[in-house]
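Structure record follows, encoded as structure tokens.
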2 protein chains.
Amino acid sequence: MVIVEEQLKSMKQQMIAKGYKSTVQREATMRVLLEHERDHMSAEDVYMRVKERFPEIGLATVYRTLELLTELHLVEKMNFGDGVARFDLRSEGHEHMHHHMICSICGEVEEIQDDWLIELEQRVKREYGFNVSDHRLDFIGTFTSCKHGDCQRHGETA
Amino acid sequence: MVIVEEQLKSMKQQMIAKGYKSTVQREATMRVLLEHERDHMSAEDVYMRVKERFPEIGLATVYRTLELLTELHLVEKMNFGDGVARFDLRSEGHEHMHHHMICSICGEVEEIQDDWLIELEQRVKREYGFNVSDHRLDFIGTFTSCKHGDCQRHGETA
DNA sequence: TTTTAAATTAGAATGATTATAATTTAATAA
DNA sequence: TTATTAAATTATAATCATTCTAATTTAAAA
Ligand SMILES: [Zn+2]
Ligand SMILES: [Zn+2]
Ligand SMILES: [Zn+2]
Ligand SMILES: [Zn+2]
């Protein structure tokens, strides 16, 4: 886990390397994503956070920045079935997307950073002639702690 | 793979068992799903197919039926990132959702019916105290056949 | 056959996301 | 540094998938 400033610098460099401009709005948006790395925020969530420090930013700019970051493979646009897209930072140095555990009691989303699919991807190649470049793996279920009622987020929406 | 009529009967029974009514609109919708088992259709797609045989049906009814089938765990509502929900029949006798291979050249979606995640789910339980009740696994990549240009669906949207 | 809650219909409303046109700005080079 | 220009931003309108609403119809139970 690198410090935010360092990751921000790296993201800006990648943006410039691909011919995109570095703007204060984009920087503010990236900073919010970095500071909420595990939060799976919607565009609206990100917008509200950015607005706290940069009140004149427009919603469309946030949308476009998130789209751009997705295109640059810095961010993954995910849909967990609640009608909004959520934006998830891709971990530096990880070729493939991380996995998720989604609690069906409270909606909490936790991450598994290790790539557990290396072997299965060889199998996909062998058995189906399909060359995997990325993946998405979500586990749906319950944390033992949630089942016992001591769930921090019981009742919240997501 | 059972015959359509048989599966339809089973789905109707499950619907009635849970206290829902069996209607011609619901039957027509289920029939379309069964006849396009591997197609990953949007609600609009399903609506158009149902309309061919039942022109007076309304779009909202199709939406509500798909929602109901999702609730009954007969269908899975999936989002592949193109802005529409797609509805995928859950295979009879399979506790967990099947896996997908999504071709990034042509958008074709193919299914893997075997459950490849049994061991990983034990690991999730062991390492995170998370009890898995279902999962979603998509592989993104290319079929060897697509990479060589003989891709049937090259250029189509999805 | 009557009753009644559930389901359907058509159309309006919602809400997330995208497009538009005018204005501003980052990056390049004189 | 200043001028140039394409790219980015803003505010707002438009789009489009999905959901809601009120009136009407229907499936199932009595
Ligand atoms: Zn994540
Ligand atoms: Zn929980
Ligand atoms: Zn499928
Ligand atoms: Zn293909």
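Chain letters run A, B, ... following the sequence lines, proteins first, then strands; residues in each count from 1.
With ring centers used as reference points, A:Phe80 lies under 6.0 Å from A:His40. Between B:His98 and B:His100, the gap from one ring centroid to the other is short of 6.0 Å.
In this structure, A:Gln13 atom CD and C:dA26 atom P are separated by 19 Å, rounded to whole Å. The nearest whole Å value for the distance from the CG atom in B:Asp82 to the C1' atom in C:dT17 is 14 Å. The CG atom of A:Leu68 sits 14 Å away from the C1' atom of D:dT9 (whole-angstrom rounding). The CZ-C1' distance, from A:Arg64 to D:dA7, rounds to 10 Å in whole Å. Taking atom NZ of residue A:Lys18 and atom P of nucleotide C:dA27, one finds them 17 Å apart after rounding to whole Å. The separation between A:Leu59 atom CG and D:dA13 atom P is 15 Å, rounded to whole Å. If you measure from atom CE of A:Met15 to atom P of C:dT25, you get 19 Å, rounded to the nearest angstrom. Rounded to whole Å, atom C1' of D:dA8 lies 14 Å from atom CG of A:Leu69.
For B:Thr61, whose side chain is taken as the heavy atoms from C-beta onward, the closest listed nucleotide among C:dA10, C:dT8, C:dT18 is C:dT8. Closest approach to the A:Arg26 side chain among D:dA8, D:dT18, D:dT19 is made by D:dA8 (side chain taken as heavy atoms from C-beta onward). In this structure, the nucleotide among C:dA7, C:dG11, C:dA16 sitting nearest to the side chain of A:Tyr63 is C:dA16. For B:Lys21, the listed nucleotide lying nearest its side chain is C:dA6; candidates were D:dT9, D:dT19, C:dA6.
Relative orientation of the B:Trp116 and B:Phe139 rings is tilted, given thresholds of 30° and 60° on the angle between their planes.
Checking the phosphate oxygens (OP1, OP2) of C:dT9, a side-chain nitrogen or oxygen of B:Gln25 falls inside 4.0 Å. Of the side-chain N and O atoms in B:Ser22, none sit less than 4.0 angstrom from OP1 or OP2 of D:dA27. The side chain of B:Thr23 contributes no N or O atom lying less than 4.0 Å from OP1 or OP2 of D:dT26.
Residue contacts shown for B:Glu44 are absent, as no nucleic acid heavy atom lies under 4.0 Å away. A:Ser42 comes within 4.0 angstrom of no nucleic acid atom, judged by non-hydrogen atoms across all strands. Residue-level contact check: B:Ala85 touches the backbone only, with heavy atoms under 4.0 Å from sugar-phosphate atoms and none from bases.
With the nearest nucleotide of DNA chain D identified for both A:Tyr20 and B:Ala60, A:Tyr20 has the one nearer the 5' end.
Remark: A:Arg64 is not positioned above the aromatic ring of A:Tyr47, lacking an NZ or CZ atom under 6.0 angstrom from the ring centre and at most 45 degrees off the axis.
Nearest heavy atom pair, residue A:Lys51 against residue A:Ile57, reads NZ-O, 3.9 Å.
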